[in-house]
Amino acid sequence: MLVASPDLIALARSQIILLTQSLGAVASAIYITENVSDGMPPNLVEVAVFPEEGAIALPDSFPILSMGIGGLVRQRRFVLPLIYKDTILGFLMTGRDDRDWLEYEQLQIQQIANTLAIACALDRHNQWLAANQQRNYEHQSNFLASLLHQLRNPLTAIRTFAQLLSRRIVAEDPNQKFVVGILRETQHIQDLISEADRPAQLLLSQAESEKALLPAAMEIAPIDLSEILEAIINFASAIAQERNIQFLANLPSHLPKVLGNESSLREAIGNLVENALKYTPEMGYVRLGVDVKPDTIYIYVQDTGVGIPDSDLPRLFERNFRGRQADGNISGTGLGLAIANELVQKMEGSIHVISQVGKGSTFAVTLKRAI
Ligand code: ADP
């Protein structure tokens with residue numbers, strides 16, 4: 001909604017004082033138009049009026065279209081449109097009852113109207129710029145938060161692979177120092193990402209929009225699931241081994257193609273698997289499975305972890321929502337599911353969850369089969 005800025009209101013008031021004190025107007029009012037759209041009468045918003053009680057009442061239906069560019073002169077009352085570049089941005093109404101306006105006075109009032117019109121245009125432009133800036137800011141902070149989150153999965157995988165490698169080569173091996181280097185540098189990047197997470201989260205909570213700013217246009221094509229799932233199984237097995245969790249994969253020998261986007265699907269399923277491993281204590285199970293139906297494919301991630309309370313379920317896919325885990329000691333940002341959900345929706349699929357506290361959770365992604 002458009003509202004006049006304090007500067008415009010101050011200017012409008014000063015012009016009304018000018019009309020009253022220099023030209024003897026007994027009543028004046030300035031209105032700006034808002035929500036101007038084709039064929040609809042615009043709303044008029046009062047910006048300044050004298051006297052305060054509003055001696056000039058604006059007619060209910062104002063004949064804007066029938067007015068000439070020079071405004072209307074109704075006896076001793078002027079109604080001047082505030083026109084900037086052929087657009088009516090508002091109206092100035094003024095009047096006195098004791099004598100007619102002289103020509104030079106009419107000219108002066110026209111000049112006041114011109115000044116007000118320019119001020120209205122600048123005000124509108126400023127408001128548009130501010131709104132645009134806010135939108136860009138939200139866009140960028142959302143984008144940054146998503147990007148940071150998406151860096152986390154591959155980084156965890158690299159670290160886990162390096163940890164496994166480090167254990168498999170003897171301490172005297174000259175390559176050991178390279179592995180130690182990889183571990184040190186990945187830790188460094190993880191620390192940087194955690195640092196960057198904090199301000200990103202603050203920015204996000206200010207953002208009105210809950211939209212994840214992932215690629216606006218996603219290319220959707222028939223894709224091969226097996227390669228994507230194999231990569232996920234690889235990193236999940238390594239992490240599971242690290243955390244003393246049993247990871248099982250249950251894939252049919254032949255997987256039909258699905259409609260989707262490779263990197264988005266890797267990210268979405270990767271997030272679900274990472275969560276399952278994160279929220280499942282030692283000795284638990286995580287299973288990745290696929291069910292093929294005539295038109296759809298279900299990819300499910302099942303765990304025997306801590307589970308999710310019913311009260312958390314309705315908000316689970318909201319950005320920054322961590323529910324019960326917000327008070328727990330498992331760290332997170334509340335972004336993974338929001339990102340996964342948005343990516344899957346862009347692939348015209350859906351994510352469903354069933355869960356029981358203390359028993360575990362199952363997240364299922366439904367995608368269309370490619371014909
Ligand atoms: P994060 O894990 O970083 O907090 P997510 O968006 O991935 O963020 O998940 C949102 C919340 O959903 C988590 O904080 C947690 O409360 C819950 N959650 C997600 N996956 C699981 C799971 N497999 N088991 C238990 N809780 C989960």
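In listed order, ligands and their atoms are each counted from 1.
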Within-shell test, [X] vs ligand 1, heavy atom, strictly < 4.0 Å:
X      : answer
Gly305 : no
Lys278 : yes
Gly323 : no

Is the contact between [X] and ligand 1 made by the side chain, the backbone, both, or neither, using heavy atoms and a 4.0 Å cut-off?
X      : answer
Arg324 : neither
Leu337 : both
Asp303 : side chain
Phe363 : side chain

What is the nearest protein non-hydrogen atom to [atom], stated with its residue, atom name and distance?
atom                    : result
atom 2 (O) of ligand 1  : Tyr279 OH, 2.7 Å
atom 10 (C) of ligand 1 : Phe321 O, 3.4 Å
atom 4 (O) of ligand 1  : Arg322 NE, 2.4 Å

Worksheet item: Atom CG of Leu18 and atom OG1 of Thr115: how far apart are they, to the nearest 0.5 Å?
Response: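 Reported to 0.5 Å precision, the distance equals 9.0 Å.
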
Okay, side chain of [X], backbone of [Y]: is any donor-acceptor separation there less than 3.5 Å?
X      : Y      : answer
Thr296 : Lys368 : no
Gln176 : Ser166 : yes
Thr304 : Tyr285 : yes
Asp312 : Arg324 : yes

Could you tell me which atoms of ligand 1, counted from 1 in the order shown, lie closer than 4.0 angstrom to a heavy atom of [X]?
X      : result
Leu316 : 12 (O), 17 (C)
Gln325 : 14 (O), 15 (C), 16 (O)
Leu335 : 6 (O), 8 (O)
Thr333 : 1 (P), 3 (O), 4 (O)

Worksheet item: N/O to N/O below 3.5 Å, does that happen between Asn275 and ligand 1?
Response: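 Yes, since at least one N or O of Asn275 sits under 3.5 Å from an N or O of ligand 1.
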
Discussion item. Side chain or backbone, does Ile308 bring an N or O within less than 3.5 Å of an N or O on ligand 1?
Written reply: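 No, since none of the N or O atoms of Ile308 sits under 3.5 Å from an N or O of ligand 1.
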
Looking at every heavy atom in both [X] and [Y], which two are closest together, and how far apart are they?
X      : Y      : answer
Ile233 : Ser237 : O-OG, 2.5 Å
Thr20  : Ile16  : OG1-O, 2.6 Å
Pro252 : Val292 : CG-CG2, 4.1 Å

Discussion item. Same cluster or not: Val273 versus Tyr279, using hydrophobic residues (I, L, V, M, F, W, Y) connected whenever any side-chain heavy atoms lie under 4.5 Å apart?
Written reply: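 No, separate clusters.
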
Discussion item. Is there a path of hydrophobic side-chain contacts, each under 4.5 Å between heavy atoms of I/L/V/M/F/W/Y residues, joining Met218 to Ile297?
Written reply: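 Yes.
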
Worksheet item: Is Leu259 close to Glu348 at the side-chain level, that is, under 4.5 Å between some pair of heavy atoms?
Response: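 Glu348 vs Leu259: side chains apart.
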
Discussion item. For atom 1 (P) of ligand 1, which of the options Pro309, Gly334, Gly307 provides the nearest non-hydrogen atom?
Written reply: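 Among Pro309, Gly334, Gly307, the closest heavy atom to atom 1 (P) of ligand 1 comes from Gly334.
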
